[in-house]
Amino acid sequence: MENYLNLLNPPQQEAVLQKEGPMMIIAGAGSGKTRVLTYKIAYLIQQGVDPFQILSLTFTNKAAREMKNRIAGVVGESEAKNIWMGTFHAVFAKILRFEADKLGFPSNFTIYDTDDSVKLITSIIKELQLDKEIYKPKQVFGRISKYKNNLITVKAYYNSPELIEADNAAMRPKMGEVYQQYVDRCFKAGAMDFDDLLLRTNELLARFPEVLAKYQNRFRYILVDEYQDTNHSQYLIVRALADRFQNICVVGDDSQSIYAFRGANIQNILNFQKDYADIKIFKLEQNYRSTKNIVSAANSVIENNKTKLDKTIWTGNDEGEKIKIIQTHSEAEEGNFVASSIFENQMQHQLQNTDFAVLYRTNAQSRAIEEALRKKNIKYRIYGGVSFYLRKEVKDILAYLRLIINHNDEEAFKRIINYPARGIGQTTIDRLIVKANELNVSLFYIAENIEKIDVGINSGTRQKLSDFAMLIKSLKIFSQTDDAFEVANQVVNKTFLINELKKEDAFESTGRIENVEELLNGIRFFIIEQQDLADGDTSLTNFLQNVALATDFDKEDPEAKNTVSLMTVHMAKGLEFKVVYIVGLEENLFPSAMSINTRSEIEEERRLFYVALTRAEIKVYVTYSLYRSRWGQFNDTEPSRFIEEIDDKYTEFIGKQKNNNNSSRTSSFLKPDIFETKNPVIQPKISINIPKNLKKVSEIKPKTQGEIANIQMGSFVIHETFGKGEVLSLDGTGPNRKAEIKFENAGIKKLLLQFAKLQLI
DNA sequence: TTTTCAAGAATTTTT
DNA sequence: TTCTTGAAAA
């Protein structure tokens, strides 16, 4: 006990030793928050609290796993494993499975991801014959999500003149109808979307006092991490559960609240003091992570925000180097700078790839960085973006598994009813939907009973539908005796999915088949992992739930060892790196063009920048580019206001003097050894397509009209990614001229000559 | 019903 | 530039 208390500073100790009652820990960036939480829970257990009575809610699954491991290190595995620890979504999904029947859901309900939700809404909008230009599915979904996060049910919606007025003003008078349909269809499909996991939990606790009492009694100690990013729905769950014993400890940092766009309400943390009587507040203000320069720079930025709690972050660490600000002329040059600088830093300071992170505002920015890192042979891993489980071939198999578990899952049904192609087209599906709505049954039910129900479909198609239903039912029977891995295997075999993938062109299909194999391995791994767990659950249902709630961090990539991390600033929350590059600091990008209209939006963007800065331990580089290509065209940009906001005591400009009127837009100041490539000469505001390889003039000769003309049948050519190949045939003229080329390693491809960057040999 | 081709949109951030 | 969607053709 004493041994770990010695590892804590006074405010940390106080926070750990405060056992009972409501408390709030304001934990600045890098102030040892995880350490405090870990020891706090360990302390509770050592004080005799049953781990079973502790509920700890974290922001990511990864954070939960790590904390559990650390706690196990202090109090032992057998104690630690009984703590309820996970994200809001994961923990309450688990509880909802226990209690599902009370709400009329099957215990093996499906969790719809955003993709599924948007597709269902698209379908509903079409069925209601609404204009999808006005009822944009994504926006409609966003709207519904907002209602749900604020506990506005369909009924509450119809009782709110303001909301109806707002939707009318947006030319969407049928919003309520769409909402109603969406909720009904999810219910009928036995499906909950992400927001439902919280909303339905609230419903459960509100409607069933005995259930509320049960969980209030169980969870006598509740801890919530990243409290600044909880939404109203989460807030209410926490309040309800903590109401009886009031042993509620919330941890957070208002300066790091960055999820307002998905309903996070910063007021939850700002008003926590008003919610409970006799609340204890602890402030962790000493930063152990970063240098003085970084902490001061970050402080000077966040100073510009009006809405915040009073605290002063300081550090006893070294002065460190100033924040380096770099101007470039294109995102390619930006990427090259990052790559070269990583390389230099590695040489000078003996750093590993894992010590570096490149952070950006939008996922699309990763491309230029990737390209540059690849050129320099620096290994990297991208977090976020299109996650593994969202890839088409993976989702297809998951859809089979989902339908096997839950026959009513509408989105899964629609996804695979004609994949692989069974000759069941859109017309048939539309008829099924109409009939299903009419009879208030699921699509699968109609397919299953197609001979008994008159849907107006010819006998050939009817046969195909009942064959499909039989296939799913036989797999269901199989799933009752065999484990998830075997079932997935059966799916792949019985549907000949691999053959289907092989039909596609060779280059893509290998990757897809690998993904399928990876998925199967993942399932096997999951089963083994669960078997090791005390309360392990190897069921297919549990696997699917894990997948639905998994993020990129939760999937180990065995090949990705010692890599530079590339991710959005959002994903970087809670992480730390020795050297951090923050790229694309331009107006309309960071801050995003979507978030510069109101003060609170700008403040959130500023907090986001604050989060980015405070990820770094020893060095920060901030870059911006004078030109950035968007949709294949170059546009000029303005440096971000946030650069100005860093007190210039803590910054140094590389390559350009700040406010130096003499400095030209060319890079005469740039150290030649930093930039391996020549800067492209680009005129402002001219929208021309500049091929990426322009900068590699020395290596690849830009193709001329003459060269394209020289390509003919039988020519041998080299392609950047596909390698060496032979031209089999040519057709089309001018910009449409294309060649069919047989590549040695990539098979036969049809390529447009104007884009293919072919080199004659 | 399926395949192909052209037009148009797309980029905020995620459980 | 790349991806998705919708209409036309097979």
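Both backbone and side-chain heavy atoms feed into the values below; hydrogens, waters and symmetry mates do not. We name chains A, B, ... by the order of the sequence lines, and we start the count at 1 in each one.
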Practice prompt. Measure from CD on A/Gln234 to P on B/dT14 and round the result to the nearest Å.
Written response: 16 Å
Worksheet item: Given atom NZ of A/Lys392 and atom C1' of C/dC3, what is their separation to the nearest angstrom?
Response: 15 Å
Fill in: A/Phe261 over B/dT12, stacked by centroid distance under 5.5 Å, angle under 30°
no
Worksheet item: Given that A/Phe194 and A/Lys138 both sit by DNA chain B, which one's nearest nucleotide is further toward the 5' end?
Response: A/Lys138
Practice prompt. Taking only the side-chain nitrogens and oxygens of A/Lys464, find out if one of them lies under 4.0 Å from OP1 or OP2 of B/dT1.
Written response: no
Practice prompt. Scan residues 565-576 of chain A against DNA chain B and write down, sorted by residue number, each residue with any heavy atom closer than 4.0 Å; if none is found, say none.
Written response: A/Thr568, A/His570, A/Met571
Worksheet item: Atom CD of A/Glu601 and atom P of B/dT13: how far apart are they, to the nearest Å?
Response: 15 Å
Practice prompt. Rounded to whole angstrom, note down the C1' distance from B/dT11 over to C/dG6.
Written response: 23 Å
Response to the item:
When rounded to whole Å, the CD1 to C1' distance for the pair A/Ile596 and B/dT12 reads 12 Å
Fill in: Nearest-angstrom distance, P atom, C/dT1 to B/dT12
22 Å
Report all side-chain donor-acceptor pairs from residues 421-428 of chain A shorter than 3.5 Å, counting only partners two or more places apart or in another chain.
from: A/Arg422; atom 1: NH1; to: A/Ile416; atom 2: O; distance (Å): 2.8
from: A/Arg422; atom 1: NH1; to: A/Ile417; atom 2: O; distance (Å): 3.0
from: A/Arg422; atom 1: NH2; to: A/Tyr400; atom 2: OH; distance (Å): 2.7
from: A/Gln426; atom 1: NE2; to: A/Asp430; atom 2: OD1; distance (Å): 3.1

Discussion item. Within the 4.0 Å heavy-atom criterion, would you say A/Asn363 contacts the bases, only the backbone, or no part of the nucleic acid?
Written reply: sugar-phosphate
